[in-house]
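Remarks on the structure that follows.
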Amino acid sequence: MTAQIQFSRGIAEETVPDVRVTRNRNGNGGTATFYFDDPNILSAENSDEITGMYLVDSEGEIMTREVKGKFINGQARAIEALLVMRSEEEWERFLRFMQRYAETQGLELTRS
């Protein structure tokens with residue numbers, strides 16, 4: 001199974017997000033902020049409901065309900081989702097997912 005991001009279970013989002021990751025000072029977890037500009041889920045042709053953000057790969061699923069729509073001139077144009085990792089295990093699992101997702105999308109990691 002390839003790694004994919006979904007906003008409605010079973011429907012892969014084709015838009016690749018901008019992802020910003022920060023690690024807690026104590027090293028036990030961190031946060032990842034995903035920003036999707038004009039995602040497919042918000043297209044006029046789509047009638048699926050956003051139920052959360054699901055990061056799905058061969059290991060299973062990581063889920064967050066911290067999903068917000070961004071509106072421009074009254075129309076939904078972007079989605080911002082926040083994933084909070086509260087432990088070293090959650091942090092490592094997230095990194096494994098991102099590695100698989102990057103390989104699936106032909107991306108590479110850049111560090112600031």
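Just so you know, these numbers come straight off a predicted model, no measurement behind them. Note that these values count all heavy atoms, side chains included, but never hydrogens, waters or copies made by symmetry.
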Query raised in the report: Has Glu103 got more than 12 heavy atoms of other residues, nucleotides or ligands less than 6.0 Å from its CD?
Result: yes
Query raised in the report: Counting N and O atoms only, with roles assigned by atom type, does the side chain of Asn26 sit under 3.5 Å from a partner on the main chain of Asn28, one being a donor and the other an acceptor?
Result: yes
Query raised in the report: Can Ile79 and Lys68 be said to form a side-chain contact (heavy atoms from CB on, under 4.5 Å), step by step?
Result: CA-CA 6 Å; Ile79 293 177; Lys68 299 176 187 174; over 6 Å; no
Report summary line: In this structure, CD1 of Ile50 is separated from CD1 of Ile41 (nearest 0.5 Å) by 5.5 Å
**Report entry** Heavy-atom side-chain proximity of Ile62 to Leu83 below 4.5 angstrom
**Finding:** yes
Report summary line: Output for pair (Thr31 OG1, Asn24 CG), nearest 0.5 Å, gives 7.0 Å
Query - Rounded distance (nearest 0.5 Å) linking atom CZ of Arg100 with atom CG of Leu95 - result: 11.0 Å
Query - Donor-acceptor under 3.5 Å (Ser87 side chain, Glu90 main chain) - result: yes
Query raised in the report: Any idea which heavy atoms bring Ala32 and Phe94 closest together, and the distance?
Result: CB-CZ, 3.5 Å
**Report entry** Whether Thr64 side chain and Leu82 backbone form a donor-acceptor pair below 3.5 Å
**Finding:** yes
Query raised in the report: Salt bridge or not for Asp37 and Arg77, using N-O below 4.0 Å?
Result: no
Report summary line: residues 20-34 vs salt bridge (charged side-chain N to carboxylate O under 4.0 Å, His left out), sequence neighbours excluded, gives Asp18-Arg20, Arg23-Glu88
Requested in this report: Give the C-alpha distance, both sets of side-chain angles, the deciding distance and a yes or no for side-chain contact (heavy atoms from CB on, under 4.5 Å) between Val21 and Val19.
Outcome: CA-CA 6 Å; Val21 181; Val19 183; 3.9 Å; yes
**Report entry** SB check Arg93 Asp57 (cutoff 4.0 Å)
**Finding:** yes
**Report entry** For Pro39 against Thr15, the heavy-atom pair lying closest together
**Finding:** CA-OG1, 3.3 Å
**Report entry** Distance in Å, Thr2 OG1 paired with Gln105 CD, rounded so as to fall on 0.5 Å steps
**Finding:** 8.0 Å
Report task. Among residues two or more places apart or on two chains, list those pairs meeting ring-ring contact (aromatic ring centres under 6.0 Å, His included) that have a residue in residues 8-60. Result -> Phe7-Phe36
Report task. For Glu49 and Thr51, indicate whether the former's side chain and the latter's backbone hold a donor-acceptor pair under 3.5 Å. Result -> no
**Report entry** Pairwise distance CZ(Arg96) to OG(Ser58) - rounded to 0.5 angstrom
**Finding:** 9.5 Å
Query raised in the report: How far apart are the C-alpha atoms of Ile5 and Met53, what are their side-chain angles, what is the distance that settles it, and do they pass the side-chain contact (heavy atoms from CB on, under 4.5 Å) test?
Result: CA-CA 7 Å; Ile5 299 175; Met53 183 177 72; 3.8 Å; yes
Query raised in the report: Roughly how far, to the nearest 0.5 Å, is CD of Glu13 from CG of Asp48?
Result: 10.5 Å
**Report entry** Cluster overlap Met63 with Val56, hydrophobic side-chain contacts below 4.5 Å
**Finding:** yes
Report task. Could you walk me through whether Glu80 and Glu66 pass side-chain contact (heavy atoms from CB on, under 4.5 Å), step by step? Result -> CA-CA 8 Å; Glu80 184 176 279; Glu66 295 287 328; over 6 Å; no
Requested in this report: Go through the structure and list residues passing ring pair (Phe, Tyr, Trp, His ring centres under 6.0 Å) with Tyr101, not counting sequence neighbours.
Outcome: Phe97
